[in-house]
Amino acid sequence: MTPNEIDTVFHRNLERVQTVIGTYTTAVGPRQGRPSVANSDLLRAAVVLLHATLEDLLRMVAQERLPTAAPAVLATIPLPVGTQRKQRFDLAALAIPAYRSLEVQEVIDLAVREYLEQANYNHPGDIRNLLEQVGLDPKLLIAHAGDIGAMNSRRHLIVHRADANDATGRGQHPARSLARRTVEAWLSAVQEFGNAVIHAM
C-alpha cells in the first residue's frame, strides 16, 4: 500500500472511533454525574477500536517496509512451512508446492504477511522496536508514548477483565470509571502519532 492508501484507511478507522464516542455523548446527554456502566461501555468499545486502529496502522506500515528491510531484521522473521514456522530452514522448506513457483521477493513478502498476522503491539516498547525494524525514527513515538501506553493498558483491562472495578462499597460501580476526555486524549495521541509515521514513510 502507498502512504496515501495507508492514510485513507487509518483516518477511516479513526472516524469509526469518533462515531462511537459521539454515540456515547448522545446517550449520556447534558446531565451531570457519573454515567451508567452501560453508557460508559460505549467508551470501552471506543478504546478497543482505537487500539485496533493503531495496530492496523502499524501492520500496514510494516507490510510495506519490512520486505525490503535489512538482512538482520529479516532474520527475525520465520518462514511459514505448512502449519509450522521455521526460523532456520534448508532448501527442502522451499521445495513445497507453495514456494516452488515463487521468486525470492515473493517468498519474503509471504513470510512477512504471515508474521504480521500474529504480531501484536501492546506496549510502547513493541512500537519502538517496529519503528526501528522498518527504518523509521523511534523518536516519532516519544511525545505520545505516555498516552498510547495508558490506552494499551486500559484496553488490556477491558478485553481481559471486562474493566472490572476491584473497589467495593457504597458508590462503587462494577466497572472502572472512564472519562470521555481521557478517551479523546488517547484518540488525539494515536492520530498525531499515526500522522507522523505516515508522513515519515
Side-chain angles (χ1 to χ4, degrees), residues 6 9-63 76 83 85 114-133 138-198:
I6 292 172
V9 174
F10 176 57
H11 283 91
R12 185 172 63 222
N13 287 337
L14 288 174
E15 287 174 8
R16 294 170 64 195
V17 178
Q18 291 167 333
T19 297
V20 177
I21 295 173
T23 303
Y24 164 82
T25 302
T26 300
V28 170
R31 69 177 181 272
Q32 300 296 316
R34 182 174 173 181
S36 68
V37 171
N39 282 336
S40 59
D41 278 344
L42 289 165
L43 293 179
R44 294 182 185 91
V47 171
V48 173
L49 186 55
L50 181 59
H51 178 268
T53 296
L54 175 61
E55 283 203 330
D56 190 53
L57 168 69
L58 295 171
R59 288 192 191 99
M60 287 187 292
V61 171
Q63 184 61 59
T76 67
T83 58
R85 300 167 72 84
E114 291 285 330
Y115 169 75
L116 291 174
E117 284 296 319
Q118 307 297 323
N120 294 299
Y121 307 98
N122 295 320
H123 186 275
D126 300 332
I127 300 172
R128 277 192 292 270
N129 289 341
L130 178 65
L131 293 175
E132 290 176 349
Q133 286 181 323
K139 291 179 182 177
L140 291 170
L141 182 62
I142 289 177
H144 312 292
D147 279 329
I148 288 176
M151 182 270 294
N152 284 347
S153 295
R154 189 56 179 268
R155 174 260 173 196
H156 182 85
L157 290 173
I158 293 168
V159 171
H160 296 286
R161 297 195 59 226
D163 212 23
N165 183 10
D166 293 332
T168 58
R170 185 178 178 84
Q172 294 293 336
H173 286 200
R176 298 165 183 256
S177 64
L178 182 60
R180 182 183 67 187
R181 65 180 177 274
T182 299
V183 179
E184 289 174 336
W186 294 342
L187 172 62
S188 293
V190 170
Q191 182 170 3
E192 290 171 13
F193 169 68
N195 288 341
V197 169
I198 294 167

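Of all non-hydrogen atoms in Tyr24 and Leu42, the two that sit nearest each other are CA-CD1, 3.6 Å. Minimum heavy-atom separation, Pro124 to Ala145: CG-O, 3.7 Å. Between Ala185 and Asp147, the closest heavy-atom pair is O-OD2, 4.2 Å. Residues Asn165 and Ala175 approach most closely at CB-C, 3.6 Å, considering heavy atoms. Between Tyr121 and Glu55 the shortest heavy-atom distance is N-OE2, 2.7 Å. Among all heavy-atom pairs drawn from Ala179 and Leu43, the shortest one is C-CD1, 3.9 Å.
Evaluation of the side-chain hydrogen bond (donor to acceptor under 3.5 Å, both in side chains) rule for His156 yields no partner, not counting sequence neighbours.
Separation of atoms OG1 (Thr23) and CG (Asn39) is listed at 11.0 Å; rounding is to 0.5 Å. Atoms CG and CD, from Leu116 and Gln63 in turn, are 5.5 Å apart once rounded to the nearest 0.5 Å. Interatomic distance, Leu130 CG to Ile127 CD1, rounded to the nearest 0.5 Å: 8.5 Å. Taking OG1 of Thr76 as the start and CD of Gln133 as the end, the distance is 5.0 Å to the nearest 0.5 Å. Expressed to the nearest 0.5 Å, how far CG of Leu57 lies from CD of Gln191 amounts to 11.5 Å. Atom CG of residue Asn122 and atom CD1 of residue Ile148 lie 12.5 Å apart, to the nearest 0.5 angstrom.
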(request) Test side-chain contact (heavy atoms from CB on, under 4.5 Å) on Asp41 and Arg44 and set out the steps. (result) CA-CA 5 Å; Asp41 278 344; Arg44 294 182 185 91; 2.8 Å; yes

(request) Any chance you could lay out the side-chain contact (heavy atoms from CB on, under 4.5 Å) test for Ile21 and Gln18, step after step, and finish with the verdict? (result) CA-CA 5 Å; Ile21 295 173; Gln18 291 167 333; 5.5 Å; no

(request) Show your reasoning for whether side-chain contact (heavy atoms from CB on, under 4.5 Å) applies to Ile6 and Val197. (result) CA-CA 10 Å; Ile6 292 172; Val197 169; over 6 Å; no

(request) With side-chain contact (heavy atoms from CB on, under 4.5 Å) as the test, would you mind laying out the steps for Ile158 and Arg176 before giving the verdict? (result) CA-CA 9 Å; Ile158 293 168; Arg176 298 165 183 256; over 6 Å; no

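A 4.5 Å side-chain heavy-atom check between Arg154 and Asp163 finds at least one atom pair inside the cut-off. Looking at Val183 and Arg180, their side chains never come closer than 4.5 Å, going by heavy atoms from C-beta outward. At least one side-chain heavy atom of Val190 sits under 4.5 Å from a side-chain heavy atom of Phe10. Under the 4.5 Å side-chain criterion, counting only non-hydrogen atoms from C-beta, Leu187 is not in contact with Met151.
Side chain of Asp126 to backbone of His123: a donor-acceptor contact under 3.5 angstrom is found. Looking only at distances, no side-chain donor or acceptor of Arg128 sits under 3.5 Å from a matching main-chain atom of Leu141.
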